[in-house]
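Here is the naming used below: chain letters follow the sequence lines, and residue numbers restart at 1 for every chain. The analysis underlying the following values was restricted to heavy atoms, covering all of them including side chains, and did not include hydrogens, waters or symmetry mates.
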Number of protein chains: 2
Amino acid sequence: MIESGDLAVPAATVARLPHYLRALHALEADGVRTTSSTELADASGVGSAQLRKDLSFLGSFGTRGVGYDVASLSVVISSALGLGSTHRLAIIGLGNLGHALANYSGYTARGFEVVALLDVAAAVVGTRPSGSLAVEHLDDLEKILERESVTMVVLATPAHAAQAVAERVTASGVREILSFSPVALQVPDDVVVRSVDVAGELQILAFHAAARAASRSAKG
Amino acid sequence: MIESGDLAVPAATVARLPHYLRALHALEADGVRTTSSTELADASGVGSAQLRKDLSFLGSFGTRGVGYDVASLSVVISSALGLGSTHRLAIIGLGNLGHALANYSGYTARGFEVVALLDVAAAVVGTRPSGSLAVEHLDDLEKILERESVTMVVLATPAHAAQAVAERVTASGVREILSFSPVALQVPDDVVVRSVDVAGELQILAFHAAARAASRSAKG
DNA sequence: TAGATTGTTAATCGATTAACAATC
DNA sequence: TAGATTGTTAATCGATTAACAATC
């Protein structure tokens, strides 16, 4: 359960809110004004009971017998997700992945703004990977985080550097980190770390592939 | 529960196996020969009871009073994850992200090999984003999947193209998909889709930031 | 009113945690 | 033997699902 003001929302529900929001945006783009829990659930890849249950943690927004207004439900979820205010991001580490993340175009539409890029490589510092922002040196991390009022950090450094950078970042007061480094970061209790691990995802798929192969040979 | 041969492993456990494997590799690299559930759990970011419980689904590999042999536990988890055989990947969509994924160097060490790159843009087809493999046209998808015996596909296309590509890929017999497109793919029941949604992860962090702000203003 | 669909309750299911007997 | 640590049991906790009364 994550307490937000007067709301208490289960972690599993929070993790699905972005799916619902995305599905609502897609419906809006198609000109759909009103939707049902069944339609929205299908578009989100969950069951309709789960969708209704999830929404019930945020309040009561539908009309019995009718459904949900797409535009207003969209606003409800956006504001629950804190997308009203703009979140200021720093991307640390501009290798392959950091470069791609710096060029990702979807931030602004979703309430995020990349305000700083940092790296240690002399070949990278000073370049403008996304055309606009110049890469600054990691040595100046604390200064830059303060100057730009950074509230979230995206960590795309090599694994061996991640822990040290995370310590400096949290010491500077940043409390939200998205990490692409496949290591368990040790951070203060009040810091939230989300991790994306591409190799790990592939390994999970490999487990399923192996399970499939085993059941095939058992049956056949 | 995912059945693999004689094993039945909970999905939550499977999702943690890559963390354990990574932590074991780190210990190995540090020259550590033997570890305990406490040490390995700390390095993996979980509790020791959870680690022991997870391992118990794979079998019994420790020595009471002593701990676990790092090298042999590493082998146990690797083979549970099906990393003995090499998995042949195709990356579809070579925008920013696909480009970064094509250049990622960690595949081979972890039992994966990128054997094909596909896109539709004339400017990209024929180029060699990673220096070696040339990008082929999506039109030839089916032919390429068969030619290269592809077993897993990484989808990095724009969201609007993802569903159509997923249908062709599954029709060709691929049963494991890693998708970076933020849409709920409709695929046959026996196909496993793992999704990575960077914007969604940021939104989850934004929820936590909003929750923190709300509790601060309530207290202060 | 009749039909549709929400919001909520209660039941089920699965995952986590703590505690400890087994045993090296 | 004494100390350490596993593997497992049982209790707790949280998440999902089905069913349906409320109500538009």
> Please tabulate the protein-to-nucleotide N/O contacts below 3.5 Å involving nucleotides 20-24 of chain D, giving atom names and distances.
from   : atom 1 : to      : atom 2 : distance (Å)
D:dA22 : N3     : A:Arg64 : NE     : 2.8
D:dC24 : O4'    : A:Arg64 : O      : 3.3
D:dC24 : O2     : A:Arg64 : O      : 3.4

> Quick check on D:dA4: is either OP1 or OP2 less than 4.0 Å from any side-chain nitrogen or oxygen of B:Tyr68?
no
> Starting from C1' on D:dT5, measure out to CG on B:Leu51 and report it in whole angstrom.
12 Å
> B:Arg52: what forms a salt bridge (charged side-chain N to carboxylate O under 4.0 Å, His left out) with it, not counting sequence neighbours?
none
> Return yes if a side-chain donor-acceptor contact under 3.5 Å exists between B:Arg22 and B:His25, otherwise no.
no
> Any strand is fair game: report the nucleotide pairing with C:dC13 by Watson-Crick or G-U wobble, both distances under 3.5 Å, or none.
D:dG14
> Could you tell me whether B:Phe61 contacts a base, only the sugar-phosphate backbone, or nothing, with contacts defined as non-hydrogen atoms closer than 4.0 Å?
sugar-phosphate
> Side-chain N or O of B:Ser60 versus OP1/OP2 of D:dG7: is the shortest distance under 4.0 Å?
yes
> Atom CZ of A:Phe112 and atom OG1 of A:Thr86: how far apart are they, to the nearest 0.5 Å?
9.5 Å
> Heavy-atom distance under 4.5 Å between the side chains of B:Asp190 and A:Arg212, does that happen here?
yes
> Can you confirm whether A:Glu167 is buried at CD, in the sense that more than 12 heavy atoms of other residues, nucleotides or ligands lie under 6.0 Å from that atom?
yes
> Expressed as a whole number of angstroms, how long is the span from A:Leu58:CG to C:dT8:C1'?
15 Å
> Paired with C:dA21 by Watson-Crick or G-U wobble geometry, both distances under 3.5 Å: which nucleotide is it?
D:dT6
> Give the nucleotide from the list D:dA18, C:dT6, D:dT8 with an atom nearest to the side chain of A:Ser37.
C:dT6
> To the nearest Å, how far apart are A:Lys53 NZ and C:dT8 P?
9 Å
> Would you kindly give the CD-to-C1' distance between B:Glu39 and D:dT6, to the nearest whole Å?
15 Å
> Does any residue of residues 6-21 of chain B have a heavy atom under 4.0 Å from DNA chain D, and if so, which ones, in number order?
none
> Hey, is the side chain of B:Ser36 poking within less than 4.0 Å of OP1 or OP2 on D:dT5, counting only N and O atoms?
no
> How close or far is atom P of D:dT5 from atom CG of B:Leu73, stated in whole angstroms?
16 Å
> Over all strands shown, is B:Gly47 touching base, sugar-phosphate only, or nothing at heavy-atom distances under 4.0 angstrom?
nothing
> Rounded to the Å, how far apart are A:Gln50 CD and C:dT8 P?
17 Å
> Tell me: CG of A:Leu40 to P of C:dG7, nearest whole Å?
12 Å
